[in-house]
Structure formats: structure tokens, C-alpha cells
Amino acid sequence: MPVFIPSSLSEATSLLAEHPTAHLITGGTDFMVEVNFNHRHPETVISLRKIPDMQLWNIDKASGVVFIGASVPYATMEQGELADALPALAEAARTVGSPQIRAAGSIGGNLGTCSPAGDSLPVLAALNASVHLRSSDAERTLPFSEFMIGPKRNAKKPDEVITGVSIPMTNGWQGYAKVGVRNAMVISVASVCLAIHDKTVRVALGSVGPTIIRCSDAESWINSQDITAIDDSVAVEFGNRVSQESRPIDDHRSTAEYRRHAVGVLATRLLQRGTNA
Ligand SMILES: Cc1cc2nc3c(=O)[nH]c(=O)nc-3n(C[C@H](O)[C@H](O)[C@H](O)COP(=O)(O)OP(=O)(O)OC[C@H]3O[C@@H](n4cnc5c(N)ncnc54)[C@H](O)[C@@H]3O)c2cc1C
């Protein structure tokens, strides 16, 4: 099996144009599991790990937008300047797998897999992030809401590489919370990102629907309240409304009923944390 290791983005997109059935790999933490379980049979692989442009990140204070290259690993997001700029992403990154997985696994790979349980994805949804894509002859940018189109399905075309994400910072609190069957090395059973920008609350849910869910009804309701004076009954009502917008299923990790309850509790707690911050 040929494995190409391009050293530039243009080389990678040219290789993909020449080998349209090639599989892309970054950290391999999803990809190699699929190969090992015989779910994927790549004839050709293009590794994106050695492309310097895809490992870059940048905080543009003037525009308030953070760019994170697709190959940036979770270990870089969970601390330092990136964590200060995007605390919810840092919290999500800290919950991913083990230190080994966080050293190899990337945001581009989380977007490539597009599992509803992907920990970075509710954060990208709540923060109104955009996904950058590039082929050998074109570039485009999609809002995250248009990028993820189903469970493990995204709008990336076969000849495109995800090059990175642009994430607007918020001027209010942001946080992420996840429920799993244990504290470490766990895929989420339910997850919530809550962000406050211009005194307006946004909330996005993971693992409780075919895609990440933005709770527009619960957002409209809470944003019609005075969010500087949230009492417990308002926070609980917000959680109930968030639960109602979830669309969970029963599977080997949890029941739909538990998931619906869990996102409500997480949303209530995040709102309490965010408005008391
Ligand atoms: C033990 C273990 C624990 C885990 N725990 C978690 C967890 O808690 N939370 C979580 O969200 N995930 C978890 N994962 C899944 C995985 O680590 C993440 O989804 C990670 O973000 C994948 O990144 P990667 O760079 O390793 O992707 P890869 O495995 O390299 O690729 C994943 C998919 O994305 C495609 N791809 C990769 N890069 C690009 C790109 N730049 N452009 C286009 N397509 C691309 C690949 O073709 C492939 O389809 C876990 C995995 C393991 C093995």
C-alpha cells in the first residue's frame, strides 16, 4: 500500500487529484482503528501530518477570530494561549481519550470522522465556527452547521482536504461538559457546549442526535430572560427546553431516555456556571 507523505498543502491536494480513491490520515486515531477492525481497506494513503501549514494556529485579536490548522492536536488546545482564547474547546480537548490520543488526534480528524460524539464538534457549533476546505484547484469555507450533514457524514468533497477551522472568540463565558460511563478514555454519552456572546446564550449538543444540535428554541427562550439574574428555576426550565430539542437514540452506550435527561442537567449546570461567572 503506497503511503504518500507530502510536505505542503499543494502537494497533498495534487496527490489527491492524482489518486482520487486515496484515504487521508492525520493522527490515525480513528483511521487506524477502522483499518485494524477491517472496516476500511485503503489502497493508497496520504498522510497530512508533515505539512507545516496545517499545524499552525493563530489568534487574531483585531478580528476576534482564532484559526486552528486541521492537524493541530488536542494537546495544543488544552493549555496555553489557545486554551485562554477558547476555554470551551480546551475543556473538550481535555476530555478526549488519553494523553497519547490527545498528542496524535486532531481537530481535522474529528471533523473528518464527523461522529455526533466528537468532542470538538459541539464547541465548533456553539461558537459559530467555519471549516476551511481545499482541493487542487479551489478553496471554500463552510459554516460548521452546513459542514456536518449526518452521523459520520460531512459536506467535504472527495478531492478536498480540511485545512483548518476559524472560530470567533466570545466576549462572555463558554464551557463544555460531557457525560460518559467513566471519567477517562470515554466516548461521550451526552455532551453540551454553552457559550455567551454579547449577553446572548448559545447551546449545542453532542451524542443526542444524528448531527450536533443547536437548540434554537431554548436559546430564544433564555435570551428573552434577563441572563444577568438567572435563578435556579429558570436554569432548570432552560435545561428542560434543551432536553426537548435533543433527538437521542438507544444504543450500546446508553438509552435515549438517559441521554435526554443528561443533556438537560448539563445545560442547567453550564448556564448556572456561566451566569454566575
Ligand atoms: C482510545 C481512543 C479514545 C478516543 N476518545 C475520543 C474522545 O474522547 N472524544 C473524541 O471526540 N474522539 C475520541 N477518539 C476518536 C479520535 O481520537 C478523534 O476523532 C480524533 O479527533 C481523530 O483525529 P485524527 O487526527 O487521529 O484522525 P484520523 O484517524 O487520522 O482521521 C479520521 C478521519 O478523518 C479524515 N481526515 C483526517 N484528517 C483530515 C483532513 N485534514 N482533511 C480531510 N479528512 C481528514 C480521515 O480520512 C479519517 O476518515 C478516540 C479514539 C481512540 C482510539
Side-chain angles (χ1 to χ4, degrees), residues 3-6 8-9 12-13 15-16 19-37 39-56 68-78 89 91-125 131-135 139-140 142 147-148 151-165 176-191 193 206-207 212 253:
V3 178
F4 294 100
I5 309 177
S8 70
L9 200 42
T13 52
L15 280 165
L16 194 52
H19 304 274
T21 58
H23 292 229
L24 301 173
I25 184 172
T26 301
T29 60
D30 277 325
F31 180 91
M32 289 312 300
V33 174
E34 288 179 26
V35 171
N36 288 345
F37 279 105
H39 296 156
R40 215 192 250 246
H41 307 98
E43 283 172 15
T44 307
V45 172
I46 301 173
S47 167
L48 303 170
R49 196 101 192 260
K50 301 272 185 213
I51 300 175
D53 282 356
M54 294 182 67
Q55 293 160 2
L56 298 176
I68 302 182
S71 301
V72 170
Y74 296 106
T76 305
M77 298 169 225
E78 60 183 297
L89 185 64
E91 282 184 295
R94 285 182 207 119
T95 75
V96 173
S98 60
Q100 293 87 339
I101 296 292
R102 296 198 290 277
S106 64
I107 199 159
N110 219 212
L111 284 162
T113 298
C114 243
S115 160
D119 280 305
S120 72
L121 307 185
V123 180
L124 298 182
V131 181
H132 303 293
L133 298 151
R134 185 160 146 185
S135 66
E139 279 183 75
R140 65 186 179 126
L142 287 178
F147 177 79
M148 186 174 188
K152 301 207 169 177
R153 287 177 52 228
N154 61 46
K156 185 186 91 61
K157 295 178 189 157
D159 66 345
E160 287 177 324
V161 170
I162 301 161
T163 56
V165 287
Y176 178 79
K178 148 178 172 180
V179 169
V181 291
R182 54 184 184 183
N183 275 340
M185 288 286 286
V186 74
I187 302 292
S188 81
V189 156
S191 63
C193 179
S207 291
I212 303 305
R253 288 204 188 95

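For clarity, every value in this text was computed on a predicted model and none was experimentally measured. Atoms within a ligand are numbered from 1 in the order they appear, just like the ligands themselves.
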Nearest non-hydrogen partners of Ile107 and Ser120, listed with the distance: CG1-OG, 3.8 Å

The reported gap from CG in Leu24 to CZ in Arg49 (rounded to nearest 0.5 angstrom) is 14.5 Å

Correct closest heavy-atom pair for Ala92 and Val123 would be CB-CG2, 3.8 Å

Backbone, side chain, both or neither: what part of Arg94 comes under 4.0 angstrom of ligand 1, heavy atoms only? neither

Any N or O on Val33 sitting closer than 3.5 Å to an N or O of ligand 1? no

List the closest protein heavy-atom neighbour of atom 1 (C) of ligand 1: residue, atom name, distance to the nearest 0.1 Å. Met185 CE, 3.6 Å

Relative to ligand 1, is Lys178 under 4.0 angstrom through side chain, backbone, both or neither, heavy atoms considered? side chain

Find all atoms of ligand 1 within a distance of less than 4.0 Å from any non-hydrogen atom belonging to Ile25, and give their numbers and elements. 30 (O)

Nearest-0.5 Å distance that lies between atom NZ in Lys157 and atom CG in Leu16: 13.0 Å

Among protein heavy atoms, which sits nearest to atom 21 (O) of ligand 1, and what does the distance come to when rounded to 0.1 Å? Tyr74 OH, 2.5 Å

As a check for students: among His23, Met54, Met32, Arg40, identify the option with a heavy atom nearest to atom 49 (O) of ligand 1. Arg40

Please list, in number order, the atoms of ligand 1 under 4.0 Å from a heavy atom of Val96. 6 (C), 7 (C), 8 (O), 9 (N)

Taking only heavy atoms of Thr26 into account, list the atoms of ligand 1 that are under 4.0 Å away from them. 25 (O), 30 (O), 37 (C), 38 (N), 39 (C)

Among all protein heavy atoms in this structure, tell me which lies nearest to atom 34 (O) of ligand 1, with the distance rounded to 0.1 Å. Gly112 CA, 3.3 Å

To the nearest 0.5 Å, tell me how far Asn154 CG sits from Leu111 CG. 7.5 Å

Is there at least one pair of N or O atoms, one from Leu48 and one from ligand 1, spaced under 3.5 Å apart? no

Could you pull out the closest heavy-atom pair between Gln55 and Ser71, with the gap in Å? CG-CB, 4.1 Å

Ignoring hydrogens, just give me the one of Gly69, Cys114, Ala92, Ser106 whose non-hydrogen atom is nearest atom 23 (O) of ligand 1. Ser106

Starting from the C-alpha separation in whole Å, work towards a yes-or-no answer on side-chain contact (heavy atoms from CB on, under 4.5 Å) for Ile25 and Met32. CA-CA 9 Å; Ile25 184 172; Met32 289 312 300; 4.2 Å; yes

In short, Ser106 meets Ala70 closest at the heavy-atom pair CB-O, 3.2 Å

Which of the numbered atoms in ligand 1 are below 4.0 angstrom from a heavy atom of Lys156? 43 (C)

for atom 3 (C) of ligand 1, nearest protein heavy atom and its distance come out as Gly97 CA, 3.9 Å

Between the CG atom in Leu48 and the CD1 atom in Ile5, the distance rounded to the nearest 0.5 Å is 11.0 Å

Test log, rule side-chain contact (heavy atoms from CB on, under 4.5 Å), inputs Ile101 and Val96: CA-CA 7 Å; Ile101 296 292; Val96 173; 3.9 Å; yes

When rounded to the nearest 0.5 angstrom, what distance separates OG1 in Thr95 from OH in Tyr74? 8.5 Å

If you look only at pairs with a residue in residues 19-35, which of them pass as a side chain to side chain donor-acceptor pair (under 3.5 Å), with sequence neighbours excluded? His23-Arg40, Asp30-Thr113, Glu34-Arg40

So which heavy atom in the protein is nearest atom 52 (C) of ligand 1, and how far is it from that ligand atom? Ile101 CD1, 3.7 Å

Closest non-hydrogen atom pair, Met54 against Val161: CE-CG1, 3.8 Å

Measure the shortest side-chain to side-chain distance between Pro6 and Ile51 over non-hydrogen atoms and say whether it is less than 4.5 angstrom. yes

Quick one: do Val181 and Arg253 satisfy side-chain contact (heavy atoms from CB on, under 4.5 Å)? Show the steps, please. CA-CA 8 Å; Val181 291; Arg253 288 204 188 95; 5.9 Å; no

For ligand 1, which atoms sit closer than 4.0 Å to a heavy atom of Gly105? 23 (O), 24 (P), 25 (O), 26 (O)

Show which atoms of ligand 1 fall inside a sub-4.0 Å distance from at least one heavy-atom site of Gly118. 11 (O)

Leu142 meets the side chain to side chain contact (heavy atoms under 4.5 Å, CB included) criterion, sequence neighbours left out, with Leu133, Arg140, Glu146, Phe147, Ala155

Minimum heavy-atom separation for Ser115 and Leu121, please, with both atom names. O-CD1, 3.3 Å

So, regarding Gly28 and ligand 1 (criterion: nitrogen or oxygen to nitrogen or oxygen, under 3.5 Å), is there a contact or not? yes

Proximal atoms of ligand 1 relative to Ala70 (non-hydrogen, under 4.0 Å): 41 (N)

Heavy atom under 4.0 Å from ligand 1: found in Thr95's side chain, backbone, both, or neither? backbone

Could you work out, for atom 7 (C) of ligand 1, the closest of Asn110, Val131, Asp119 by heavy-atom distance? Asp119

If you count the atoms of ligand 1 from 1 in the order shown, which ones are under 4.0 Å from a heavy atom of Gly27? 24 (P), 25 (O), 26 (O), 30 (O)

Return the residue, atom name and 0.1 Å-rounded distance of the protein heavy atom closest to atom 27 (O) of ligand 1. Gly109 CA, 3.3 Å

Got the closest protein heavy atom to atom 51 (C) of ligand 1, with its distance? Thr29 O, 3.8 Å

May I ask you to check whether Ser120 has an N/O atom sitting below 3.5 Å from an N/O atom of ligand 1? no

Please check whether Ile162 reaches ligand 1 - meaning an N/O of the residue sits under 3.5 Å from an N/O of the ligand, judged on distance alone. yes

Among all protein heavy atoms, pick the one closest to atom 6 (C) of ligand 1 and tell me residue, atom and distance. Ile187 CD1, 3.6 Å

Looking only at non-hydrogen atoms, which of Leu9, Leu121, Thr113, Leu24 approaches atom 44 (N) of ligand 1 most closely? Leu24

Give yes or no for whether the N/O distance cutoff of 3.5 Å, strictly under, is met between Asp30 and ligand 1. yes

